[in-house]
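Notes for the one structure printed next.
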Amino acid sequence: MIRIANGQGFWGDWLEAPVRLVEQGPIDYLALDYLAEITMSIVQKQKLADPSLGYARDFPPLIARIARPIRERGIKVVANAGGVNPIACAREVRRLAPGLKVAVVLGDDLYDRIGDLLARGHTMQNMDTGEPLASIKDRILSANAYIGAFPVAEALATGADVVIAGRCTDTALALAPMIHAFGWSPDQHDLLAAGTIAGHIIECGAQCTGGNCQVDWQSIPDMANIGYPIVEAESDGTFIVTKHEGTGGRVHSDVVKEQLLYELGDPQNYITPDCIADFTSIQLADIGPGRVRVSGIRGGPRPPMLKVSISYAWGYKAIGTLVYSWPQAFQKAQAADAIVRQRLAHLGLSFDEIYTEYLGVNACHGPAAQRIEDPAEVQLRIGVRGAGRKDIDRFTRELVPLVLNGPPTGTGFGDGRPPVREVVAYWPALLDRSEITTHVEVVE
Amino acid sequence: MKIPLSQIAHTRSGDKGDMVNIGVIAYRPGDYPILVREVTAERVKAHFGDLVKGTVTRYELPNLGALNFLLDEALGGGGTLSLRIDAQGKTFGAALLRLEIDASSHPPQQ
């Protein structure tokens, strides 16, 4: 049996979680998931500004903080913290924690190969819209193939204390230690599907230990000290989801079910580079306090194509808010919105979309919201998006004046006009996996 | 007997591009057939009205006593393009808990 913990569900997750996982009980592997779809474009921009950057900058200081216990206890760290510059990330880890052996997984980064791939007939159409990639090729900011668990397991086989990947799948971070420890092969589909589903359960950190959980949420104990998840994996593909004793939160089949359904598509076709997992085969059992056993998982062979995550410069957006108080707060906010729209039209500005929401009325739930008669206050929130920065910038000057020249009781303008933000959009595509060759490099 | 969905099920929702998924899970496995009968793709689509521009697809997971709904074109462009406060669809699951369903264990007589 091996214990695989997840201490980071995204870049920006709780900094204390991985440290506590190391300090508060036994684990063998510490998985850390840093990359959301849009993170790659952020790190790409950082690398363009400074060639020594382009990775999750929280990661090296974290490793420095836990270097001693992980070395003494043989805990292996597996992270997709490398972003678009895993080698630089590894060097920084080595600088801050010189005693650790670090291996990196390379080969996912396609940024410099896009022109060549297009020229050789790989159209990489947008999976959502069907548009060919050539239509936005000059605006691409990053391009990475999702790689699976086998290259990560290969890195673990070097004996490294810390394995750093770029754009590997979130689930690979948990599956790779199982492949490494149990010697699973690419044709053992059921086992790979089990490891993939274990990865899905823990990849969002505390979302499977009581975080963001609807089931009797007020009774979930000690959320301030919530324990992050641990999978106790067996070589036969069964595993137990748990957390360290004495930590807050709750592990129960109800909680695990919520996470199993999180960001799920077709449950019988959960596609990864390693296998296709069938979520309708999962059997859950509560076998003790804070322990859920998972078994019965089936899977199918890996697909011939790999998913490619491309980000590109789309344009600009800005979102501004004002608050109106009782009485008739909602009516005042609606009147203010109409005035803004009339003034924008008069200025002749061009937007792709103008979108208005009323927080406190129906912003989250739309027509499904419960209506409240004359609420105490309503926040008006107007967003605009467009290709031209100039028009977006002009919009940002149209909200604050309403405090003096619009409906009464407007407030909440203390931060002044809202910032204009660049919009980096996401372009999912498929690429023949024969185009992707990964390799492992040990950074001394 | 009409009750809100919240009395027999819990939910979690998330995003994939401009798509929202909502997992609907029966508290008691015995109530799963009620979910299958009452919480149809059509009713989910109608519940969200103009918040969801595209189609709604339903998948069944009897092993978990759960349904999974995919709501297409539901996030105003999704990801970074969206101008909505809930651009990741985190609260769609909670919104569905208000759906009124018939909780009798047998289908209503025609």
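Just so you know, these numbers come straight off a predicted model, no measurement behind them. The figures here come from the full heavy-atom set of this structure, side chains too, leaving out hydrogens, waters and symmetry mates. In the text below, chain A, chain B and the rest are named by the order of the sequence lines, each starting its count at 1.
- Using a 4.5 Å cut-off between heavy atoms, Thr11(B) contacts chain A through both its backbone and its side chain.
- Note that CG of Asn21(B) is 12.0 Å distant from CG of Asp266(A), once rounded to the nearest 0.5 Å.
- Proximity to chain B is limited to the side chain of Lys317(A), based on heavy atoms less than 4.5 angstrom apart.
- Of the two parts of Ile382(A), neither the backbone nor the side chain holds a non-hydrogen atom closer than 4.5 Å to a non-hydrogen atom of chain B.
- Only the side chain of Leu70(B) comes within contact range of chain A, with at least one heavy atom under 4.5 Å from a heavy atom of that chain.
- Looking at Ala369(A), the atoms closer than 4.5 Å to chain B (heavy atoms on both sides) all sit in the backbone: N, CA, C or O.
- No other option in Gly265(A), Cys213(A), Gly315(A), Ala363(A) has as many heavy-atom pairs under 4.5 Å with chain B as Gly265(A).
- Rounding to the nearest 0.5 angstrom, the gap separating the CD atom in Glu357(A) from the CG atom in Leu83(B) is 8.5 Å.
- For Asp50(B), the parts lying near chain A are the backbone and the side chain together; criterion is any non-hydrogen pair under 4.5 Å.
- Residue contact with chain B, scored on non-hydrogen atoms closer than 4.5 Å, involves the backbone and the side chain of Arg385(A) alike.
- If you measure heavy-atom distances from Asp352(A) to chain B, you find no contacts under 4.5 Å at all.
- Between atom CD of residue Gln283(A) and atom CG of residue Asn63(B) there is a gap of 6.0 Å, rounded to the nearest 0.5 Å.
- For Cys364(A) against Leu51(B), the heavy-atom pair with the smallest separation is O-CD2, 3.9 Å.
- The line from OH of Tyr262(A) to CD1 of Ile22(B) is 13.0 Å long, rounded to the nearest 0.5 Å.
- When each of Asp86(B), Val52(B), Asn68(B) is checked for heavy-atom pairs under 4.5 Å with chain A, Asn68(B) comes out on top.
- With a 4.5 angstrom heavy-atom cutoff, Ser281(A) touches chain B only via backbone atoms.
- The contact between Ile25(B) and chain A is made entirely by side chain atoms (from C-beta outward), counting heavy-atom distances below 4.5 Å.
- Closest of all the heavy-atom pairs between Ala368(A) and His47(B) is CB-NE2, 3.5 Å.
- Within the 4.5 angstrom heavy-atom criterion, no atom of Ser6(B) approaches chain A.
- Heavy-atom pairs under 4.5 Å with chain B were tallied for Arg421(A), Met127(A), Gln370(A); the largest tally goes to Gln370(A).
- Both the backbone and the side chain of Glu353(A) come within contact range of chain B, with heavy atoms under 4.5 Å apart.
- Of the two parts of Ile319(A), only the side chain, counted from C-beta on, holds a non-hydrogen atom closer than 4.5 Å to a non-hydrogen atom of chain B.
- Taken to the nearest 0.5 Å, the CG atom of Leu96(B) stands 10.0 Å off from the NE2 atom of His365(A).
- In terms of heavy-atom pairs under 4.5 Å with chain A, the best-connected choice from Leu61(B), Asp15(B), Leu81(B), Asp72(B) is Leu81(B).
- Residue with the most contacts toward chain A among Phe92(B), Phe69(B), Tyr59(B), Phe48(B): Tyr59(B) (heavy-atom pairs, distance under 4.5 Å).
- Proximity to chain B involves both the backbone and the side chain of Glu263(A), based on heavy atoms less than 4.5 angstrom apart.
- For chain B, the nearby parts of Ile282(A) are the backbone and the side chain; heavy atoms of each come within less than 4.5 Å.
- Within 6.0 Å of CZ on Arg139(A) lie more than 12 heavy atoms contributed by other residues, nucleotides or ligands.
- With respect to chain B, the highest number of heavy-atom pairs below 4.5 Å among Gly366(A), Gly383(A), Pro367(A) belongs to Pro367(A).
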Evaluate the side-chain hydrogen bond (donor to acceptor under 3.5 Å, both in side chains) criterion for residues Arg12(B) and Gln259(A): first the C-alpha distance (whole Å), next the side-chain angles of each, then the deciding distance (0.1 Å), finally the verdict. CA-CA 8 Å; Arg12(B) 177 171 290 182; Gln259(A) 179 55 21; 2.9 Å; yes
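- For Val384(A), the part lying near chain B is the backbone, with the side chain staying farther off; criterion is any non-hydrogen pair under 4.5 Å.
- Leu359(A) CG to Ile85(B) CD1: the interatomic distance, rounded to the nearest 0.5 Å, is 5.0 Å.
- The greatest number of non-hydrogen atom pairs below 4.5 Å with chain A, out of Lys16(B), Met19(B), Arg98(B), Glu60(B), is found for Arg98(B).
- For CD of Gln214(A), the number of neighbouring non-hydrogen atoms (other residues, nucleotides, ligands) closer than 6.0 Å is greater than 12.
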